[in-house]
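Presented below is the structure to which this report refers.
Counting starts at 1 for both ligands and their atoms, following the listed order. A quick note: this is a predicted structure, and the numbers were derived from the prediction, not measured. The residues of the chain are indexed from 1 along the displayed sequence.
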Amino acid sequence: MNTADVLAITAEDLAITRLGERGVDTPLGELLGGREDTVHYVTETDRVLLDDTLGVAVRREPGRALPAFNPGGPRAKLYFEPTGVTAAIVTCGGLCPGLNNVVRGLVLQLANAYGVKSILGFRNGFLGLAQDSEPLVLTPDNVRDIHKRGGTILGTSRGDQDPAVMIDTLRRHEVHMLFVVGGDGTLRGAQKLADEALARGIDLAVVGIPKTIDNDIPWIDQSFGFQTAFARAAESIAAAHTEAGSTLGGVGLVKLMGRHSGFIAAYATLANHDVDFTLIPEVPFSAEGLLACLHARVQRQGHAVVVVAEGAGQDLLPPSAETDASGNARLGDIGALLRQRITGHFARTGTPLSLRYVDPGYAIRSVPANAFDAVYCTRLAQAAVHAGMAGFTSMVVARWHGRFIHLPIALATASRNQVDPHGDLWLSVLEATGQPRQF
Ligand SMILES: Nc1ncnc2c1ncn2[C@@H]1O[C@H](COP(=O)(O)OP(=O)(O)O)[C@@H](O)[C@H]1O
Ligand SMILES: O=P(O)(O)OC[C@H]1O[C@](O)(COP(=O)(O)O)[C@@H](O)[C@@H]1O
Ligand SMILES: [Mg+2]
């Protein structure tokens, strides 16, 4: 996010929709006692400031309320009577480490903390809601070990479904609270569900949990699964580096996922600190410039490692209007293009080359969550249940500057989180690789 993006946000943009007044005492009352003196205590008026930089805050219009998030966490008064609630869970979009941890976290929090007796898992993403296939009945018992596995026990899908039909399904199952686990596309779908319910006067809380290895959801410190994914990507870079360093004219070329945002490539680069060139969608490059720099680096160092995010350099490939079922762009293969261009260049200049091409592909997102993501998934799930019980809707739980918050889905889907070419992350990558700012 750059300063202009942050300054464009107003207090009104961060308001969260509520289904109605809250009158039910929380069963967590005992846990809340004594929290009043902590900075994390949540009252109705408590807020987490958007700006954590004084310079940004003072540039705002004087007299206007500072934009601030509704904080995550348990409320003393609930909207729903927990023992009468039916909750449902759906997982959508591409796989991501931690999906099963979130499903398990939601079930344990709903059943154990709040005493919810009816929890349904709809299968295969929004498709399962549209087709009204029989949902799984989820209990603490049958989710006991699922966090040890990658993927999602509920299944997932891409592709648009009719919100009216999905709401009909939720009505038939008398669902009060829907937890939607997914990325930007999923959240757009979730917003339509929440709008449809509101328009039809249906009491349904729709709460999102931000999933994506691409980390492309804005106003969120990090999406869950991202850390596990880039850690796995770093292993592929290490392999390419070892290969490149052990051969004459060794070049390791590693292609990583990242459709429009280069966070996986950037973080995996920094995790290894032995990458020579990192290419991301946010920073255009000239192939000739890259080849000249790569040639020089191999001559000087004996070997080099290039990391390329799949969405990088798309302007170097034939344009395509193809999309997947969800409307996401189908990308050209930048890895294959670079492989061919590097091979051609080294052959033409009579320079020895041993090119090792590594594409870990789906391997970085199909693994179980690491310990950090496992903790994060549990805490996001707990925050999501607190929000649903309090009757908040059209929102996604998130962490902003280390605090759990409620983010309006409208804001989460209004823009895309991308690596800022002028920001400190990209500066770190440039420092670590020693590559030029522009090829
Ligand atoms: N604009 C939209 N309106 C309604 N549903 C959408 C929209 N965009 C995506 N979806 C649905 O959300 C689900 C997941 O979207 P997708 O883009 O594949 O993954 P992700 O949520 O991980 O970004 C799919 O079923 C897709 O059809
Ligand atoms: O082959 P698929 O399932 O369409 O997934 C490929 C895409 O999914 C991702 O892993 C993440 O996408 P989403 O989080 O938006 O689902 C991208 O990095 C990648 O381009
Ligand atoms: Mg997406």
Review point. Does G327 come within less than 4.0 angstrom of ligand 1, counting non-hydrogen atoms of the residue?
Key: no

Practice item. Give the single entry among T186, T212, I213, D160 that approaches atom 6 (C) of ligand 1 most closely by any heavy atom. Key: D160

Study note, to complete from the structure: Among S326, G185, A190, closest by heavy atom to atom 12 (O) of ligand 1 is G185

Exercise for review: Would you mind listing every ring pair (Phe, Tyr, Trp, His ring centres under 6.0 Å) that reaches into residues 202-225, with sequence neighbours excluded?
Suggested key: W219-W400

Which residue and heavy atom of the protein sit nearest [atom], plus the separation:
atom                    : result
atom 22 (O) of ligand 1 : K211 NZ, 2.6 Å
atom 1 (O) of ligand 2  : Y362 OH, 2.5 Å
atom 6 (C) of ligand 2  : R365 NH1, 3.6 Å
atom 15 (O) of ligand 2 : R259 NH1, 3.6 Å
atom 20 (O) of ligand 2 : E310 OE2, 2.5 Å
atom 18 (O) of ligand 2 : D214 OD1, 2.7 Å
atom 3 (N) of ligand 1  : K192 NZ, 2.7 Å
atom 4 (O) of ligand 2  : R158 NE, 3.2 Å
atom 23 (O) of ligand 1 : D184 OD1, 2.5 Å
atom 25 (O) of ligand 1 : G159 O, 2.7 Å

Practice item. Show which atoms of ligand 1 fall inside a sub-4.0 Å distance from at least one heavy-atom site of G183. Key: 20 (P), 21 (O), 22 (O), 23 (O)

Review point. In ligand 1, which numbered atoms sit nearer than 4.0 Å to a non-hydrogen atom of G189?
Key: 4 (C), 5 (N), 6 (C)

Review point. Are any of the heavy atoms in G94 under 4.0 Å away from ligand 2?
Key: yes

**Study point:** Chi angles and distances behind the side-chain contact (heavy atoms from CB on, under 4.5 Å) call for V181, I209
**Key:** CA-CA 5 Å; V181 192; I209 295 130; 4.2 Å; yes

Out of all atoms in ligand 2, which are within 4.0 Å of some heavy atom of [X]? Include the element for each.
X    : answer
G258 : 18 (O)
I213 : 10 (O)
K211 : 13 (P), 14 (O), 16 (O)

Looking at every heavy atom in both [X] and [Y], which two are closest together, and how far apart are they?
X    : Y    : value
L193 : I167 : O-CD1, 3.4 Å
L66  : A11  : O-CB, 4.1 Å
G208 : L187 : CA-CD2, 4.1 Å
T156 : T91  : OG1-O, 3.4 Å
P67  : R60  : CG-CZ, 3.3 Å

Check your understanding: What's within reach of the Mg ion (ligand 3), meaning protein N/O/S atoms under 2.8 Å?
Key -> D184 OD1

Exercise for review: Check N328 against ligand 1 and report side chain, backbone, both or neither, counting heavy atoms closer than 4.0 Å.
Suggested key: side chain

Exercise for review: Have a look at ligand 1 and work out which part of Q161, if any, has a heavy atom under 4.0 Å from it: side chain, backbone, both or neither.
Suggested key: neither

Point to revise | Parallel, tilted or perpendicular: rings of F226 and F263 (30°, 60°) | key: perpendicular

Considering distance alone, does some N or O of [X] sit under 3.5 Å from an N or O of ligand 1?
X    : result
G182 : no
C92  : no
G93  : no
R188 : no

N-O pairing of [X] and [Y] below 4.0 Å:
X    : Y    : answer
R123 : E134 : no
E196 : K192 : no
R330 : D324 : no
D168 : R200 : yes

Does a donor on one side chain and an acceptor on the other come within less than 3.5 Å for [X] and [Y]?
X    : Y    : result
D276 : H303 : no
E12  : T10  : yes
H406 : N70  : yes
D274 : H241 : yes

Ignoring hydrogens and angles, write down the donor-acceptor pairs under 3.5 Å from the side chains of residues 227-236, residues two or more places apart or on other chains.
| residue | atom | partner | partner atom | Å |
| --- | --- | --- | --- | --- |
| Q227 | OE1 | N370 | ND2 | 3.1 |
| T228 | OG1 | N370 | N | 2.9 |
| T228 | OG1 | N370 | OD1 | 3.3 |
| T228 | OG1 | D373 | OD2 | 2.6 |
| R232 | NH1 | S236 | OG | 3.3 |

Practice item. Flag G93 as yes when one of its N or O atoms lies below 3.5 Å from any N or O atom of ligand 2, and as no otherwise. Key: no

Check your understanding: Less than 3.5 Å between some nitrogen or oxygen of D324 and one of ligand 2, yes or no?
Key -> no

Check your understanding: Looking at F69, does the NZ or CZ of R47 lie under 6.0 angstrom from its six-membered ring centre and within 45 degrees of the ring axis?
Key -> no

Exercise for review: With heavy atoms only and a cut-off of under 4.0 Å, state how T212 meets ligand 2: side chain, backbone, both or neither.
Suggested key: both

Review point. Hey, mind stepping through R356 and V251 against side-chain contact (heavy atoms from CB on, under 4.5 Å) and telling me if it holds?
Key: CA-CA 6 Å; R356 301 286 189 256; V251 171; over 6 Å; no

Side-chain donor-acceptor distances from residues 430-439 under 3.5 Å, at least two apart:
| residue | atom | partner | partner atom | Å |
| --- | --- | --- | --- | --- |
| T433 | OG1 | V429 | O | 2.9 |
| T433 | OG1 | Q435 | N | 3.2 |
| T433 | OG1 | Q435 | OE1 | 3.1 |
| Q435 | OE1 | T278 | N | 2.7 |
| Q435 | NE2 | T278 | O | 3.0 |

